[in-house]
Amino acid sequence: MAFEELKKRHAQVWGAAPFEKVAGTIHDMHDDLVAHLAPRPGEQWLDLACGTGEVAFRAVRAGAVVSASDLAPALVDTARQLAADEGLELTLEVADCEDLPYEDASFDVVSSSVGIIFAPDHPQVASELGRVCRPGGRIGFTAWRGESGVGDIFRAMSPFAPPPPEGAGSPFQWGDEAYVEQMLGDWFDLRFAEGNSQHVDEDAREMWELFRDNYGPTFTLWSSLDEERRAELDTAMTEMFERSRVGDRIAQERLYVIALGTRKA
């Protein structure tokens, strides 16, 4: 099923705000994923839906030869600047994880940190993961648990957002091990781990504003509303974060799954 118009919007929406500020709040997830994949010097590594490059940069520092791609040109531009600032050498390019420009079996490792899960055509994503990973190679990606904090965020925003296109997969489906087995079990021998990237702060409004102003889809949604609806969204989201308060601080649980696989021969 083609979602070309949706993906054209995604390419703009995801780059509409400085995502690197949000990515910094899940640095522990990136560390966790890369540690499970255990980069080896010289191996060919592909990071998909790379955002502003956080996982890709970790692999480069560990000695891997890294290519990284994202659907959003603005995110790739930011990643290139951040890599240049640190003196990191890798290939960064715009690409669609449902239609990758790479040869079959060309990578030892394929990774993604809560990235590929947002592509709408899940079977096509699975097919591309299987195609570009060499036999015996490794994949690893993270996905949010739908019943945890990030799911709460999306549920609280849903009354303000248009419905997704018919047939588009939900990112939270990838946070279910049985679903991942269904999607990828023919290609990979799979195993799973789980983590919790807590978002901790003292002020619920500041937590919402960080997400609102720096996460492209949310910034685009909020900007599309009239003044009254913006205020309603601000109130709803502040109340949602406030529900995670314990004493003088808020600690929102953000459970995630790490799906890890070895490519079958």
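Count residues from 1 along the sequence. Everything numeric here is computed off the predicted structure, so don't read it as measured data.
A side chain to side chain contact (heavy atoms under 4.5 Å, CB included) with H30 is found for one member of I26, V34, D32 and no other, namely I26.
For the pair V180 and F192, the minimum side-chain heavy-atom distance is below 4.5 Å. Contact annotation: the side chain of L46 approaches that of V132 to within less than 4.5 Å [non-hydrogen atoms, C-beta and beyond]. No side-chain heavy atom of F188 sits under 4.5 Å from any side-chain heavy atom of T262. A 4.5 Å side-chain heavy-atom check between D77 and R80 finds at least one atom pair inside the cut-off. With contacts defined as side-chain heavy-atom distances shorter than 4.5 Å, the pair R249/D201 does not qualify. Inter-residue side-chain proximity for L48 and L100 is flagged as met; some heavy-atom pair is nearer than 4.5 Å. Side-chain atoms of L129 and W187, non-hydrogen and from C-beta on, never get closer than 4.5 Å to each other. Residues R138 and L260 fail the side-chain proximity criterion, which asks for heavy atoms closer than 4.5 Å.
Judged by distance alone, the side chain of D108 and the main-chain N or O of G137 form no donor-acceptor pair under 3.5 Å. Of the possible polar contacts, none joining the R131 side chain to the A105 backbone as a donor-acceptor pair under 3.5 Å is found. Without hydrogens or angle criteria, R229 side chain to S224 main chain gives no donor-acceptor distance under 3.5 Å. Looking at E43, its side chain does come within 3.5 Å of a backbone N or O of R40 through a donor-acceptor pair. Of the possible donor and acceptor atoms, none in the side chain of Q124 sits under 3.5 Å from a partner among the backbone N and O of D121. With T235 contributing its side chain and A231 its backbone, the two residues share a donor-acceptor pair below 3.5 Å. Formation of a donor-acceptor pair under 3.5 Å by the R263 side chain with backbone atoms of G130 is found in this model. The closest donor-acceptor contact from the side chain of K264 to the backbone of G185 lies under 3.5 Å. Between the side chain of S158 and the backbone N or O of R155, at least one donor-acceptor pair lies under 3.5 Å.
Here R145 pairs with E177 in a salt bridge; the nearest charged N to carboxylate O distance falls below 4.0 Å. Between E227 and R230 no salt bridge is recorded (no basic side-chain N to carboxylate O distance below 4.0 Å).
One distance of note links NZ of K7 with NE2 of H10; it measures 10.0 Å at 0.5 Å rounding. One distance of note links CG of L221 with CZ of F160; it measures 8.5 Å at 0.5 Å rounding. T52 contributes atom OG1, which lies 10.5 Å from atom CG of L92 (distance to the nearest 0.5 angstrom). The CE atom of M237 lies 7.0 Å from the OG1 atom of T218; values are rounded to the nearest 0.5 Å.
Using bins of under 30°, 30° to 60° and over 60° for the plane-to-plane angle, the ring pair F211/W208 lands in the tilted bin. Aromatic ring pairs are classed by plane angle as parallel below 30°, tilted from 30° to 60° and perpendicular above 60°; the pair H122 and W174 is tilted. Below 30°, between 30° and 60°, or above 60°: for W144 and Y256 the angle between ring planes is above 60°, a perpendicular geometry.
Hydrophobic clustering (side-chain heavy atoms under 4.5 Å, transitive across Ile, Leu, Val, Met, Phe, Trp, Tyr) keeps F141 apart from L255. F3 and V13 fall into different hydrophobic clusters, where Ile, Leu, Val, Met, Phe, Trp and Tyr side chains are chained together by heavy-atom contacts under 4.5 Å. Both I117 and V22 sit in one connected hydrophobic cluster of ILVMFWY residues. Membership requires side-chain heavy atoms under 4.5 Å apart, directly or through other members. Following chains of ILVMFWY side-chain contacts shorter than 4.5 Å, one can reach V110 starting from L184, so the two form part of one hydrophobic cluster. Under a hydrophobic-cluster definition in which Ile, Leu, Val, Met, Phe, Trp and Tyr are linked whenever side-chain heavy atoms come within less than 4.5 Å, directly or via other members, Y215 and M240 are assigned to the same cluster.
For the 3.5 Å distance criterion, the side chains of D47 and S111 qualify, holding a donor opposite an acceptor. Side-chain contact annotation: W222 with D234, donor-acceptor N/O pair under 3.5 Å present. With no hydrogens or angles considered, no side-chain donor-acceptor pair links H199 and T25 at under 3.5 Å. Between the side chains of N196 and E253, a donor-acceptor pair is found at a separation under 3.5 Å. A donor and an acceptor atom, one from each side chain of S67 and W45, are nowhere located under 3.5 Å apart.
More than 12 heavy atoms of other shown residues, nucleotides or ligands fall within 6.0 angstrom of atom CG in D203.
Residues M29 and S113 share a closest heavy-atom pair of SD-OG, 3.4 Å.
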Apply salt bridge (charged side-chain N to carboxylate O under 4.0 Å, His left out) to E209 and R205, showing your working.
-> CA-CA 6 Å; E209 289 178 352; R205 180 67 178 227; 2.9 Å; yes
